[in-house]
Amino acid sequence: MSSPVDVGGTVRERAARELRNRILTGALPAGARLDLDAITAEFATSRTPVREALLELSFEGLVRIAPRSGITVVGINADDIVDSFTILGVLTGQAAAWAAQRITPDELSALWKAATDVAARSGDASIGEANWRFHQEVHRAAQSERLLAQIRLAARVVPTNFLTLFPEHERHSLGEHDELLEAIGDHEPERARSIAERHVLQAGRSLATWLQSQPERLKLPLEP
């Protein structure tokens, strides 16, 4: 399953990514109140990038910012997860289908190299980043900037530590990577679409089930 891993980025991007991860995995449950000063201290920055990160999360519907009540986590439930991954699955399925129709030999060769790199990192913390790069290359092979932009937005629902949460998905994902590239290489768009959609939906169901099984776990920064 792809995940928008980015170990770099601006302070705003890093803060948004980390807080988003905590919300998506239940570490910051619905109703939790966030402390702007505590977040600012955690990321060793000024208030401006933190405010921008929280605004980004508010646009995504994950937090609510109100003048008097402060910043409150809206959260996400299992149904939200399944819905979001279903939408992402449709988009990635279309990307795979177009890739099967439009991919060049050089792009296909690069994809196989990227898949090999993911497999080589099995069990290593860096597998998440390699996995995201692989899926990005599949999406780019669709040769549609509009679709790529929509996937980037939709993929924010995937925690960057997905493969850490679900290490059992590693072997399953690696096998599906090979299936997907075979379908793309054979120029079978509907087969590629089916594999890509299933890949995403299975990941979403796993996250939804896991989220339901977790007790509420608060991680600072919260309001005192």
Side-chain angles (χ1 to χ4, degrees), residues 1-6 9-40 42-43 45 47-95 128 132 135-136 139 146-162 164-166 197 200-223:
M1 177 55 225
S2 63
S3 174
V5 173
D6 176 9
T10 65
V11 174
R12 177 191 61 77
E13 290 168 339
R14 288 189 286 111
R17 183 171 62 246
E18 174 59 23
L19 293 171
R20 185 185 296 111
N21 273 356
R22 294 178 192 178
I23 294 170
L24 292 175
T25 58
L28 285 174
R33 300 282 294 279
L34 301 183
D35 181 354
L36 180 61
D37 289 332
I39 299 172
T40 298
E42 178 180 356
F43 289 95
T45 185
R47 282 187 164 208
T48 298
V50 172
R51 284 197 186 99
E52 291 173 348
L54 291 168
L55 280 173
E56 183 176 328
L57 296 181
S58 73
F59 294 149
E60 296 171 20
L62 295 178
V63 303
R64 181 181 299 110
I65 302 174
R68 294 185 179 179
S69 58
I71 308 157
T72 306
V73 174
V74 175
I76 192 165
N77 60 38
D79 289 339
D80 294 332
I81 290 289
V82 172
D83 288 351
S84 297
F85 274 74
T86 298
I87 293 167
L88 178 59
V90 171
L91 294 171
T92 57
Q94 185 60 60
W132 174 239
H135 284 281
Q136 279 186 312
H139 303 156
R146 295 298 302 163
L147 180 58
L148 188 59
Q150 293 300 315
I151 290 174
R152 286 189 183 122
L153 290 174
R156 291 180 177 181
V157 74
V158 185
T160 62
N161 59 343
F162 183 86
T164 302
L165 287 175
F166 305 104
E197 285 191 7
V200 173
L201 288 175
Q202 287 175 339
R205 292 188 186 108
S206 293
L207 179 57
T209 300
W210 180 86
L211 193 60
Q212 285 181 314
S213 71
Q214 299 304 300
E216 290 192 348
R217 297 172 293 111
L218 297 183
K219 179 173 181 178
L220 295 178
L222 302 177
E223 283 191 351

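Along the sequence shown, residues are numbered consecutively beginning with 1. All values below were derived from every heavy atom in this structure, side-chain atoms included, with hydrogens, water molecules and symmetry-related copies excluded.
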Identify whether the distance between the nearest side-chain nitrogen and carboxylate oxygen of Glu18 and Arg22 falls below 4.0 Å.
yes
Verify side-chain contact (heavy atoms from CB on, under 4.5 Å) between Trp132 and Val158, making sure each step is shown before the conclusion.
CA-CA 11 Å; Trp132 174 239; Val158 185; over 6 Å; no
Would you give the length of the straight line joining atom [atom1] of [X] to atom [atom2] of [Y], rounded to the nearest 0.5 angstrom?
{"X": "Glu42", "Y": "Asp37", "atom1": "CD", "atom2": "CG", "answer": "13.0 Å"}
{"X": "His135", "Y": "Ile151", "atom1": "NE2", "atom2": "CD1", "answer": "11.0 Å"}
{"X": "Thr86", "Y": "Leu91", "atom1": "OG1", "atom2": "CG", "answer": "11.0 Å"}
{"X": "Ile87", "Y": "Gln150", "atom1": "CD1", "atom2": "CD", "answer": "11.0 Å"}

For [X] and [Y], which heavy atoms make the closest approach, and how far apart are they?
{"X": "Ser84", "Y": "Val157", "value": "CB-CG2, 3.5 Å"}
{"X": "Ala154", "Y": "Leu88", "value": "CB-CD1, 3.9 Å"}
{"X": "Gly75", "Y": "Ile23", "value": "CA-CG2, 3.9 Å"}
{"X": "Phe43", "Y": "Val11", "value": "CB-CG1, 4.5 Å"}
{"X": "His139", "Y": "Leu148", "value": "CB-CD1, 3.6 Å"}

A side-chain contact here means heavy atoms from C-beta on lying under 4.5 Å apart; do [X] and [Y] qualify?
{"X": "Arg47", "Y": "Leu36", "answer": "yes"}
{"X": "Trp210", "Y": "Thr25", "answer": "yes"}
{"X": "Asn77", "Y": "Ile81", "answer": "no"}
{"X": "Leu207", "Y": "Pro159", "answer": "yes"}
{"X": "Thr40", "Y": "Asp35", "answer": "no"}
{"X": "Leu19", "Y": "Leu28", "answer": "yes"}
{"X": "Ile71", "Y": "Arg33", "answer": "no"}

Please determine which of Arg20, Arg51, Arg17 meets the side-chain hydrogen bond (donor to acceptor under 3.5 Å, both in side chains) test together with Glu56.
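Single side-chain hydrogen bond (donor to acceptor under 3.5 Å, both in side chains) partner of Glu56 among Arg20, Arg51, Arg17: Arg20.
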Side chain to side chain contact (heavy atoms under 4.5 Å, CB included), paired with Leu57, selected from Leu34, Val74, Ile65, Val63:
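Single side chain to side chain contact (heavy atoms under 4.5 Å, CB included) partner of Leu57 among Leu34, Val74, Ile65, Val63: Val63.
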For Thr209, does its backbone N or O pair with a side-chain atom of Gln212 as donor and acceptor, under 3.5 Å?
no
